[in-house]
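A short write-up of the structure that comes next.
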Amino acid sequence: MSTEILFANMAYSRYDETLTLPYKFSRLLDESGLEDKVKGKTVAIKMHVGGGTSYSTIPPVFIRELARFINECGGDCFVTDHSIHSRRPENRGYAEGVLGCPVLDGCGFLNKYYYEKEVGFKSFRHVDIAGLIHDADFMIDLTHAKGHGSCAFGGACKNIAMGCVTRRTRHEIHGLEGGLTWDKDKCTRCELCIGSCNHYANKFDKNGDYDINFHHCTLCQHCSKVCPTGAIAIDGNNYIDFQHGLALCTKTVLDTFDKGNVYYITFLTQITALCDCWGMTTPSLVPDIGIIAGDDIAAIENAALDLIKTEDLISAGIPEGMELTGKGHLFEQLHGKDPYAQLTELEAVGAGNREYYLTEVK
């Protein structure tokens with residue numbers, strides 16, 4: 001059975017403020033059916049707050065409109081993500097005075113407030129669900145679509161599986177793809193790997209050897225991706241296992257909510273090659289497309305991928321000198337991994353159905 005996906009198209013027909021995306025977003029919310037769903041409920045708005053000098057995350061004007069809508073419908077909302085304190089979201093306009101709702105760390109200021117759920121997929125054992133996510137009555141998965149080095153596509157599934165849990169869970173999921181190896185002879189000690197780590201998990205010891213603190217490391221692979229000599233590499237390439245782990249984690253988080261108490265909104269704007277967790281913004285890969293929304297995670301992920309087309313590529317969005325393979329989706333050509341595999345795994349764990357149809361919001 002197909003799911004209706006609402007689509008606020010970036011395209012406009014004349015110079016009229018009411019035809020721009022913020023106004024279309026307001027009309028999308030009016031048509032979403034959220035008014036009755038959020039009334040009297042505590043609503044967690046799960047988004048990625050970015051970091052560093054990034055500027056491609058969802059603009060505050062849209063989050064402010066969403067918070068206004070929820071509050072006027074009788075809901076009580078807050079924005080949440082992990083590692084709020086260290087990411088300094090207020091630098092990107094994500095502050096209560098701007099958004100009209102609190103901005104809170106899902107696991108609390110000390111990252112110790114979570115609920116442990118056990119799973120049993122290979123080395124993936126623990127889904128530690130952020131306490132504020134777990135305790136909310138309703139969740140809006142507010143996603144900024146972009147490429148991702150590990151899972152090819154960072155969308156609604158990645159926003160939950162990596163953003164609604166603890167560092168331990170992220171580490172175990174990334175561990176399904178493989179571990180890190182270091183080749184001493186190839187290493188020049190340029191320390192690009194140190195600067196790329198968002199978790200302060202690596203260093204060179206007094207002997208010049210590469211040292212990883214696996215208590216902090218999430219195996220996000222940033223260090224291996226920036227290494228200019230290939231000294232740091234991934235031991236293994238179990239991409240499907242990693243995607244299954246993402247899907248399983250997502251399903252475990254979703255199961256904490258009563259049926260119908262999760263809604264998905266994905267922004268197809270400033271779509272870049274890398275995840276917002278890099279703390280920087282590269283040029284857009286394709287022109288801005290718009291916003292999509294619906295109540296099935298597999299369907300909205302499928303719609304997002306279908307709308308991002310290789311033929312619309314903006315060449316400045318890929319590194320100079322890089323040539324695409326010409327095979328598969330744009331994200332597969334960038335990262336060598338099929339992003340649609342994520343949909344197969346979401347369906348396999350019972351987290352939605354990828355069939356959809358678009359309804360454009362005028």
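Computed from a predicted model, the values in this text were never measured in an experiment. Along the sequence shown, residues are numbered consecutively beginning with 1.
- A salt bridge between Arg354 and Glu347 is present, with a side-chain N of the basic residue lying under 4.0 Å from a carboxylate O of the acidic one.
- Atom CD of Glu320 has 12 or fewer neighbouring heavy atoms from other residues, nucleotides or ligands inside a 6.0 Å radius.
- The aromatic rings of Tyr340 and His329 sit perpendicular to each other, their planes meeting at more than 60°, with 30° as the lower class boundary.
- Between the side chain of Asp205 and the backbone N or O of Tyr210 there is no donor-acceptor pair closer than 3.5 Å.
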* **Verdict with supporting geometry, Gln243 and Gln342, side-chain hydrogen bond (donor to acceptor under 3.5 Å, both in side chains)** => CA-CA 6 Å; Gln243 292 285 37; Gln342 197 171 107; 3.3 Å; yes
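- With sequence neighbours excluded, no residue forms a salt bridge (Lys or Arg N to Asp or Glu O under 4.0 Å) with Lys203.
- Checking side-chain atoms of Thr42 against main-chain N and O of Asp137 turns up no donor-acceptor pair under 3.5 Å.
- Ion pairing of Arg168 with Asp128 is present here, as a side-chain N (NZ or NE/NH1/NH2) and a carboxylate O approach within less than 4.0 Å.
- Note on Phe138: it clusters hydrophobically with Ile63, by side-chain heavy-atom contacts below 4.5 Å among ILVMFWY residues.
- Ile318 and Leu305 fall within the same hydrophobic cluster, where Ile, Leu, Val, Met, Phe, Trp and Tyr residues are linked whenever their side-chain heavy atoms come under 4.5 Å apart, directly or through other members.
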* Asked: Do Tyr239 and Asp338 pass the side-chain hydrogen bond (donor to acceptor under 3.5 Å, both in side chains) test, and can you show the C-alpha distance, the side-chain angles, and the key distance before you say yes or no?
  -> CA-CA 9 Å; Tyr239 176 60; Asp338 179 10; over 6 Å; no
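- When each of Tyr23, Phe25, Tyr94 is checked for a ring pair (Phe, Tyr, Trp, His ring centres under 6.0 Å) with Phe62, only Phe25 meets the rule.
- A donor-acceptor distance shorter than 3.5 angstrom exists from the side chain of Thr250 to the backbone of Leu246, with no hydrogens or angles considered.
- At distances below 3.5 Å, at least one donor-acceptor pair connects side-chain atoms of Glu172 with backbone N or O atoms of His126.
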* Kindly indicate, with the supporting measurements, whether the criterion side-chain hydrogen bond (donor to acceptor under 3.5 Å, both in side chains) is fulfilled by Lys37 and Asn261. => CA-CA 7 Å; Lys37 293 180 180 180; Asn261 277 359; over 6 Å; no
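- The ring-ring contact (aromatic ring centres under 6.0 Å, His included) test applied to Tyr55 returns no partner, not counting sequence neighbours.
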* **Audit row: Arg167, Ser83, side-chain hydrogen bond (donor to acceptor under 3.5 Å, both in side chains) steps and yes/no** => CA-CA 10 Å; Arg167 180 182 289 149; Ser83 306; 5.4 Å; no
* Checking side chain to side chain contact (heavy atoms under 4.5 Å, CB included) for the pair Ile265/Thr143: CA distance, chi angles, key distance, verdict? -> CA-CA 6 Å; Ile265 302 174; Thr143 300; over 6 Å; no
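- Annotation: side chain to side chain donor-acceptor pair (under 3.5 Å) contacts involving residues 267-296, sequence neighbours excluded, comprise Ser56-Thr281, His144-Asp276, His222-Trp278.
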